[in-house]
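Notes follow the structure.
Keep in mind that what you see is a predicted model, and the values were worked out from it rather than measured.
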Amino acid sequence: MRNFLEGIKDDHRIRTTHTAVFLTLYGLWLENNGHNPIPIIKKKVMEKAKIISQMTWHRTIIELNEYGYIEYQPTYNRTRVSTVSLYNIVL
């Protein structure tokens, strides 16, 4: 978490939605005993991060992946969940 907060300090690309999603994912990572990858259900993450728009969700999760803060593995199969891995987490 410390690395994320240090990293975003000078990263002009990061907005409040990125921070909300990352903090939600971090909470899920803790619930998963700090193990990667984290299985995620989009609807639940959106609710916890207070994101209503599907477009905002998609843009935010893709950008966090592109910026190197997470590794997002989407699934397009309704019977499987997507996964996210968090890296450089320092407790």
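Across all their heavy atoms, I40 and T83 have their closest contact at CG1-N, 4.4 Å.
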**Request:** Go through T19 and I14 one step at a time and tell me if the side-chain contact (heavy atoms from CB on, under 4.5 Å) criterion holds.
**Result:** CA-CA 7 Å; T19 304; I14 299 298; 3.8 Å; yes
**Message:** Assess the residue pair L23 and K48 against the criterion (side-chain contact (heavy atoms from CB on, under 4.5 Å)); give the C-alpha distance rounded to whole Å, side-chain angles, the decisive distance to 0.1 Å, and a yes or no.
**Reply:** CA-CA 9 Å; L23 290 174; K48 287 183 178 186; over 6 Å; no
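W29 is not listed as a side-chain neighbour of H35, based on a closest heavy-atom distance of 4.5 Å or more. Within the 4.5 Å cutoff, side-chain heavy atoms of V84 are placed close to those of L86. The closest side-chain heavy-atom distance from L64 to Y72 is not below 4.5 Å. Contact check for Q54 versus K42: side-chain heavy atoms found under the 4.5 Å cut-off. N36 has its side chain out of reach of E71: every pair of non-hydrogen atoms, C-beta onward, lies at least 4.5 Å apart. With a 4.5 Å cut-off on side-chain heavy atoms, R15 and R59 count as touching. Contact annotation: the side chain of W57 approaches that of V21 to within less than 4.5 Å [non-hydrogen atoms, C-beta and beyond].
Hydrophobic clustering keeps Y26 apart from I41 (ILVMFWY residues linked when any side-chain heavy atoms are closer than 4.5 Å, directly or through intermediates).
Within the model, atoms CD1 of I51 and CE of M46 stand 6.5 Å from one another, a figure rounded to the nearest 0.5 Å. Taken from OG in S85 to CD1 in I70, the straight-line distance is 9.0 Å, to the nearest 0.5 Å. For the atom pair CD of Q73 and CZ of R80, the computed distance is 10.5 Å after rounding to the nearest 0.5 Å. With rounding to the nearest 0.5 angstrom, the OG1 atom of T17 is 10.5 Å from the CD1 atom of I61. Taking OH of Y69 as the start and CZ of R13 as the end, the distance is 6.0 Å to the nearest 0.5 Å.
There is a side-chain donor-acceptor pair under 3.5 Å between N77 and T79.
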